[in-house]
Amino acid sequence: MWELIKAPLLVPMLKLSVYICLGMALMLFMERVYMGIVIVLVKLFWKKPEERYKFVPIEDDEEHGSSNFPVVLVQIPMFNEKEVYKISIGAACGLSWPSDRLVIQVLDDSTDSAIKSMVEQECQRWASKGINITYQIRENRTGYKAGALKEGLKRSYVKHCEYVAIIDADFRPDPDFLRKSIPFLDHNPDIALVQARWRFVNADECLLTRMQEMSLDYHFTVEQEVGSATHAFFGFNGTAGIWRIAAINEAGGWKDRTTVEDMDLAVRASLRGWKFLYLGDLQVKSELPSTFKAFRFQQHRWSCGPANLFRKMVWEIITNKNVRFWKKVYVIYSFFFVRKIIAHMVTFFFYCVVLPLTILVPEVKVPIWGSVYIPSIITILNSVGTPRSIHLLFYWILFENVMSLHRTKATLIGLFETGRANEWVVTEKLGDVAKKVAEANKNKTNNKAIKRYRSKLTDRLNTLELGFSAFLFLCGCFDFMYGKNNYFIYLWLQTITFFITGIGYVGTII
């Protein structure tokens with residue numbers, strides 16, 4: 001039966017799959033090389049933001065007092081943030097900005113009444129110190145974060161505010177955050193958004209957080225910088241950024257039609273001619289998900305949302321007459337198609353499905369440039385964001401291949417708008433709890449630790465990863481016995497990575 005269907009059916013289908021995957025790999029390769037060339041040119045020859053745009057520090061005036069400072073609104077959206085609510089509130093209240101020109105708005109969508117009470121008391125504590133801070137709640141969570149931000153901008157006192165800084169619950173900007181960013185908006189009326197870089201306080205907590213740091217550092221070091229320097233456009237990261245409120249209103253305000261309301265607003269504002277500025281030297285501390293479950297939910301939202309937004313906005317981008325042709329090409333092809341769709345699919349289908357299947361069907365060959373050279377160069381280019389983790393590069397490749405399974409699944413859900421397309425699960429934040437637990441675990445006996453691990457093992461099993469682990473292991477064994485390409489080395493290492501994530505153990509290894 002196998003021989004009967006292999007030649008007329010499986011071989012042509014697999015050959016076609018190889019050609020498609022090679023085409024996608026070349027697209028991703030050219031995109032990475034392009035961004036690599038641009039980022040080198042930016043670092044060597046581009047002027048700094050202070051030289052490209054007008055930047056004049058805002059200082060206190062003895063005669064006029066603080067009237068030369070624009071009124072800034074700081075929005076802190078929250079949802080059951082028991083462990084970290086004090087972090088963002090304290091950081092916002094500690095900003096070096098005249099108190100009479102700063103409005104802090106805590107938007108609490110918590111469903112736990114005890115947490116609501118704690119957050120409200122924290123706001124009252126700061127208000128008693130003379131800080132202009134308000135505690136806002138809604139009767140429902142319609143629109144999730146986008147709904148909360150939209151509702152906050154409707155308040156009457158916001159009419160006096162020119163800019164809004166958005167700070168998520170686990171983010172802690174330095175006191176000079178506004179003084180380093182607001183002047184760009186104040187002196188350049190065509191800039192709608194100033195985005196700061198994220199810096200991770202728990203990057204060394206475990207192997208999972210190190211892998212995330214490597215991926216996100218490339219995003220901030222290369223993708224955001226290239227978009228800002230070449231087209232004055234990039235996707236808003238949802239936090240650690242300051243918006244011109246007039247730009248938000250002109251773009252149509254916050255919308256909850258996808259799970260990436262931040263990217264949605266950024267694209268709409270860009271299509272109306274607004275410019276964005278990324279400040280890589282302005283860094284805001286934040287927290288990475290330290291459990292694999294929380295990371296998976298986050299990646300689903302980050303992969304599904306952009307694909308769904310692309311589906312809904314591609315025609316609007318094509319027909320837009322306010323931006324240049326090459327900017328539309330950049331947004332459609334580079335920003336959305338290659339980075340948000342092709343990057344996930346080629347990683348999963350080519351290296352986790354098609355390549356292993358060619359071992360079982362030796363009539364189909366994959367050229368070495370497609371299976372070795374191109375992915376090696378892409379990996380090297382991706383590693384520039386986090387030089388300190390270069391020794392973890394190989395495992396990062398294997399881990400990214402595992403995550404490409406979930407990202408591809410989420411991307412397809414978003415493109416076809418099915419199933420969990422609009423699912424919103426708030427990323428769990430632990431604050432300093434993880435450190436306290438780690439210290440407490442050192443004082444416990446090994447028997448107790450083993451017992452605790454066994455009791456939670458069934459809750460941490462991920463059957464999809466375990467299934468792919470078995471598939472890749474069998475393909476590796478077949479290649480070891482009958483193959484000639486020595487793919488079994490890669491396949492068995494990938495098997496181990498799928499198995500580790502399959503049992504939910506990746507977040508506990510360092």
Side-chain angles (χ1 to χ4, degrees), residues 20-21 23-35 38 146 192-193 195 215-216 218-220 222-238 241 251-252 255-276 278 298-349 378 382 400 403-404 406-418 421-422:
I20 293 174
C21 288
M24 291 193 296
L26 283 172
M27 292 170 65
L28 183 60
F29 170 74
M30 290 186 291
E31 172 70 10
R32 291 292 188 264
V33 171
Y34 159 73
M35 288 196 293
V38 173
L193 167 67
Q195 173 71 61
S215 299
L216 288 171
Y218 176 81
H219 168 70
F220 285 107
V222 180
E223 292 180 347
Q224 298 285 81
E225 193 76 68
V226 168
S228 177
T230 56
H231 298 282
F233 169 78
F234 47 84
F236 175 46
N237 296 125
K255 293 185 178 181
D256 59 354
R257 56 181 174 173
T258 70
T259 57
V260 283
E261 74 294 325
D262 43 14
M263 186 182 296
D264 188 346
L265 177 61
V267 174
R268 285 185 282 114
S270 178
L271 293 180
R272 283 159 178 78
W274 289 99
K275 294 181 178 180
F276 303 159
Y278 171 70
Q298 182 199 68
Q299 293 303 297
H300 174 86
R301 189 173 76 248
W302 286 5
S303 302
C304 178
N308 192 227
L309 181 63
F310 178 67
R311 167 195 172 102
K312 293 178 176 179
M313 290 204 67
V314 61
W315 184 247
E316 182 180 345
I317 298 170
I318 292 173
T319 58
N320 183 273
K321 297 180 180 180
N322 296 325
V323 297
R324 294 175 292 116
F325 171 77
W326 287 113
K327 185 170 184 177
K328 289 194 281 188
V329 171
Y330 174 79
V331 174
I332 294 175
Y333 176 79
S334 182
F335 180 77
F336 272 116
F337 191 60
V338 177
R339 297 186 209 169
K340 311 301 182 185
I341 298 175
I342 293 299
H344 305 323
M345 290 188 174
V346 69
T347 304
F348 171 65
F349 285 119
I378 291 175
N382 283 341
E400 283 292 292
M403 291 311 303
S404 69
H406 298 287
R407 291 168 183 154
T408 299
K409 179 182 175 183
T411 299
L412 293 174
I413 290 173
L415 280 175
F416 295 103
E417 204 166 20
T418 61
N422 295 311

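Computation of the quantities below employed the complete heavy-atom set of this structure, encompassing side-chain atoms and omitting hydrogens, waters and symmetry-equivalent molecules. Just so it is clear, the model here is predicted, and its values are computed rather than measured. Here, residue 1 is the first one in the sequence, and each next residue gets the next number.
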* To do: Specify whether F310 and F336 have parallel, tilted or perpendicular ring planes, treating 30° as the upper limit for parallel and 60° as the lower limit for perpendicular.
  => tilted

* Can any side-chain N or O of Y278 pair as donor or acceptor with the backbone N or O of F220 at less than 3.5 Å? -> yes

* Asked: Nearest heavy-atom pair of V346 and A25: which atoms, and what distance?
  -> CG2-N, 3.6 Å

* Considering non-hydrogen atoms only, spot the tightest contact between R311 and G414 and give its length. => CD-O, 4.0 Å

* **Rounded distance [0.5 Å steps], CZ in R268 versus CD1 in I317** => 11.5 Å

* Heavy-atom check, side chain of F234 versus side chain of L193, under 4.5 Å -> yes

* M263 vs T258 side-chain heavy atoms within contact, under 4.5 Å -> no

* To do: Please round to the nearest 0.5 Å and tell me the distance separating atom CZ of R339 and atom CD of E223.
  => 4.5 Å

* Would you indicate whether the side-chain heavy atoms of L265 and F236 approach each other to under 4.5 Å? => no

* With side chains defined as the heavy atoms from C-beta onward, is the minimum distance between N237 and Q224 less than 4.5 Å? -> yes

* What do the steps show when you test K327 against S270 for side-chain contact (heavy atoms from CB on, under 4.5 Å), and what is the final call? -> CA-CA 10 Å; K327 185 170 184 177; S270 178; 3.0 Å; yes

* To do: Would you indicate whether the side-chain heavy atoms of K340 and T411 approach each other to under 4.5 Å?
  => no

* Asked: Does F349 CZ have over 12 foreign heavy atoms under 6.0 Å away?
  -> yes

* Asked: Can you tell which of W274, Y330, F335 makes a ring pair (Phe, Tyr, Trp, His ring centres under 6.0 Å) with H231?
  -> Y330

* **Pairwise side-chain contact, N322 with L271, heavy-atom cut-off 4.5 Å (strictly under)** => no

* Would the number of heavy atoms belonging to other residues, nucleotides or ligands and lying under 6.0 Å from OH of Y333 be above 12? -> yes

* How far does CD1 of I318 sit from CE of M313, to the nearest 0.5 angstrom? -> 11.5 Å

* Please report the closest heavy-atom contact between R32 and I378, naming both atoms and the distance. => CG-CG2, 4.1 Å

* Asked: Shortest non-hydrogen contact from A266 to F276?
  -> O-CZ, 3.2 Å

* To do: Measure the shortest side-chain to side-chain distance between V267 and F233 over non-hydrogen atoms and say whether it is less than 4.5 angstrom.
  => yes

* Do Y218 and M35 touch side chain to side chain, with heavy atoms closer than 4.5 Å? -> yes

* Rounded distance (nearest 0.5 Å) linking atom OG1 of T259 with atom NE2 of H300 -> 7.0 Å

* Asked: Just how far is it from atom SG of C21 to atom CG of L26, taken to the nearest 0.5 Å?
  -> 11.5 Å

* Structure fact -> Nearest heavy-atom approach of A307 to L415 is O-CD2, 3.8 Å

* Structure fact -> Closest heavy-atom pair, D264 versus R257, reported as atoms and distance to 0.1 Å, is OD2-NE, 2.8 Å

* To do: Would you mind checking if E417 and K312 are paired as a salt bridge, meaning a charged N to carboxylate O distance below 4.0 Å?
  => yes

* Measure the CD-OG distance between Q298 and S303 for me, rounded to the nearest 0.5 Å. => 9.5 Å

* Take atom NZ in K328; do more than 12 heavy atoms of anything else shown fall under 6.0 Å from it? -> yes

* **E400 and N382: side chain donor to acceptor below 3.5 Å** => no

